[in-house]
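Reading through the structure tokens given below for one structure.
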Amino acid sequence: QVQLVESGGGLVQAGDSLRLSCAASGGTSSSYAMGWFRQAPGKEREFIAHISRGGSTTRHADSVKGRFTISRDNAKNTLYLQMNNLRPEDTAIYYCAGGSGPGTRASVYPYWGQGTQVTVSS
């Protein structure tokens with residue numbers, strides 16, 4: 001069973017960039033499709049992006065398209081989310097997730113990290 005640990009969150013100003021990382025252990029990350037989700041206070045968990053096992057196919061939510069980019073380095077068992085031009089509405093806890101197939105629903109993914117907080121001030 002794979003364990004996922006996110007890092008890279010923090011407090012930034014609007015317009016800044018952050019890169020989140022998700023390190024996988026206890027398994028081979030290339031065996032799993034991976035995704036990023038986020039959850040703001042009082043809101044449901046929201047799909048951000050997903051990537052296929054080999055990294056050749058990605059999908060991004062409309063709310064982040066053109067600003068965020070998902071990628072992976074299977075040699076390092078690490079998933080990334082590059083976030084540019086951050087906005088206050090991007091403030092949330094960001095989670096990485098792994099599963100057998102990419103999807104936009106959280107229920108597709110059985111494996112989750114503990115989350116990393118991203119706060120964007122105006």
Indicate if [X] and [Y] have the same hydrophobic cluster label, given that clusters are the connected sets of ILVMFWY residues with side-chain heavy-atom separations under 4.5 angstrom.
X	Y	value
Leu18	Val64	yes
Tyr111	Tyr80	no
Trp36	Phe47	no

Does the side chain of [X] reach to within under 4.5 Å of the side chain of [Y], using non-hydrogen atoms?
X	Y	result
Leu20	Thr116	yes
Arg105	Phe37	no
Arg45	Tyr95	yes
Gln82	Ser71	no
Gln114	Glu6	yes
His50	His60	no
Pro88	Gln13	no
Arg38	Ile93	no

| Going by the angle between their ring planes, with limits at 30° and 60°, are Tyr94 and Phe68 parallel, tilted or perpendicular? |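 Geometry flag for Phe68 against Tyr94: tilted rings.
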| query | Between Tyr109 and Trp112, how do the two ring planes meet: parallel, tilted or perpendicular, split at 30° and 60°? | reply |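 Aromatic pair Tyr109/Trp112 classed perpendicular.
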Testing the basics here: between [X] and [Y], what is the closest heavy-atom pair and its distance to 0.1 Å?
X	Y	value
Asn85	Arg67	O-NH1, 3.0 Å
Gln3	Gly26	OE1-CA, 3.7 Å
Ala92	Ala40	CB-N, 3.8 Å
Gly55	Thr58	O-CG2, 4.4 Å
Met34	Gly98	SD-CA, 3.6 Å
Arg53	Ala33	CG-N, 3.8 Å

Rounded distance [0.5 Å steps], [atom1] in [X] versus [atom2] in [Y]:
X	Y	atom1	atom2	value
Ser56	Ile51	OG	CD1	8.0 Å
Ile48	Met83	CD1	CE	9.0 Å
Asp16	Asp90	CG	CG	11.5 Å

| query | Crowded around Arg59 CZ? As in, over 12 foreign heavy atoms under 6.0 Å? | reply |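 No, because the 6.0 Å sphere around CZ of Arg59 holds 12 heavy atoms or fewer from other groups.
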| Checking side-chain contact (heavy atoms from CB on, under 4.5 Å) against Cys96, which of Ile70, Thr78, Leu79, Leu81 comes through? |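 Among the candidates, only Leu79 passes.
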| Check ion pair Asp62-Lys65 (N to O, under 4.0 angstrom) |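 Looking at Asp62 and Lys65, the cut-off is met.
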| request: Could you please spell out the steps behind the side-chain hydrogen bond (donor to acceptor under 3.5 Å, both in side chains) verdict for Arg72 and Asn74? | output: CA-CA 6 Å; Arg72 67 191 299 166; Asn74 286 337; 2.8 Å; yes
